[in-house]
Amino acid sequence: QAARPSPSHASGASPASTASSNRDRATSQAAAGTGDDRNRRRRCRVGSAKRSAGHDADTHRAEVVLVHELVGIDGLGLERRVAAAPADAQGRILLGLAYQQRARETGDPDFFMRSERMLLQARTLAPREPVALTGLAALASTRHRFETAIGLSRKALAYDPENAVAFGVLGDSFIELGRYDEAFEAYDRMAELAPGLSSYARVAHARELLGRPGEAIEAIELGLDYQTLSEHSAWGFVQIGNLELGRGRLEVAGRFFRRALARYPGYVHALGGLAEIDRARGNYERAIERLKVVVERLPVPEYATRLGD
């Protein structure tokens, strides 16, 4: 499964406006110190996220969460394996998940379509396979079909109550629908079952929504302690850079964007972050140069809009 929160934008709204709306709502409640907010702070135990001796990254559950970090399409010959075995449900699940990882690395949506085909085939072969259901839930969330994602996640949890990734997708979908209490509970459960970058990134997102960017950064840094793929680590560094950028700490943000590029050369999201720093400093020509490269590689509305601005 795509073990990370999906971008905060819902169908029918721009990415910036929806993310801002969600964040403003949660942050204003936090600032007011209402009873509801105190309850959120208590229930979202992200305030004390730490390693758990009982949930080592080598456990089976963590391996399920980190399957994208363990599987390579070429390395395991998954495409050849699936082509040679029409009844191989597990091979199709692994290939479907690997396609999702490739989609994140390249920005090519065709890999999401390939992933869906593989996971639907796997579900036909093994209707009660929770990992296939979770992968389909992740795709639904990516496509902003949040109610569908919730339904698929709950089906996966019915077959496997300790499916950490399903809790993550469930939380992501609840966040997008404004159901913060349920989202935070799901994130807490994911972090308990499988601590790592995937779960702590969600912890960080919850903290950010509550107006606690410093603690959000701490959560991502904790997640980065776990061994991950280069692209996953780069993504984590970019999230920290974005949080620091939001705090007006341009030098610090730049260091994290450059760390991301060192970990994963040419990473478009890191280039986009550096472009934001250039813009904030009034260096528009340099920002335009960077964003042209970003939009050429990943032509999504967010970056195209920045370039236009």
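Keep in mind the model is a prediction, meaning the values are calculated, not measured. Note: hydrogens, waters and symmetry copies are ignored here, and every other heavy atom, side chains too, is used.
For S199 (side chain) and A194 (main-chain N/O), a donor-acceptor pair under 3.5 Å exists by modelled atom type. Panel note: side chain E176, backbone F146; no donor-acceptor pair is recorded below 3.5 Å. Put simply, the side chain of S233 never gets that close to the backbone of S230: no donor and acceptor are under 3.5 Å apart. Under the 3.5 Å distance criterion, the side-chain polar atoms of T142 are matched with a main-chain donor or acceptor of A138. Put simply, the side chain of R202 gets close to the backbone of S198: a donor and an acceptor are under 3.5 Å apart. Side chain of R92 to main chain of D88: a donor-acceptor pair is present (N/O by atom type, distance under 3.5 Å, no hydrogens or angles).
Between Y99 and E79, the side chains place a donor N or O and an acceptor N or O closer than 3.5 Å (distance only, hydrogens not considered). Side-chain atoms of H232 and Q101 include a donor-acceptor pair closer than 3.5 Å.
Between Y187 and F184, the ring planes lie tilted relative to each other; the angle falls in the 30° to 60° range.
Taking the centre and axis of the six-membered ring of F111, the NZ or CZ atom of R114 falls inside the cone set by 45° and 6.0 Å.
With respect to R189 and E182, no salt bridge is recorded, no charged nitrogen being found less than 4.0 Å from a carboxylate O. With salt bridges taken as basic N to acidic carboxylate O contacts below 4.0 Å, one links R306 and E302.
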Could you check F237 against H269 for ring-ring contact (aromatic ring centres under 6.0 Å, His included), going step by step and ending with a plain yes or no?
-> CA-CA 10 Å; F237 289 135; H269 302 299; over 10 Å; no
Would you sort out whether R247 and E208 count as a salt bridge (Lys or Arg N to Asp or Glu O under 4.0 Å), showing the intermediate values?
-> CA-CA 11 Å; R247 302 167 81 185; E208 183 186 10; over 6 Å; no
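Taking a 6.0 Å sphere around CZ of R128, one finds it holds 12 or fewer heavy atoms contributed by other residues, nucleotides or ligands.
Between L139 and R145 the shortest side-chain heavy-atom distance does not fall below 4.5 Å. Looking at L94 and R81, their side chains come closer than 4.5 Å, going by heavy atoms from C-beta outward.
Of all heavy-atom pairs between L78 and G91, the closest is CD2-O, 4.4 Å. Across every non-hydrogen atom of Y264 and A234, the tightest pair is CB-CB, 3.7 Å.
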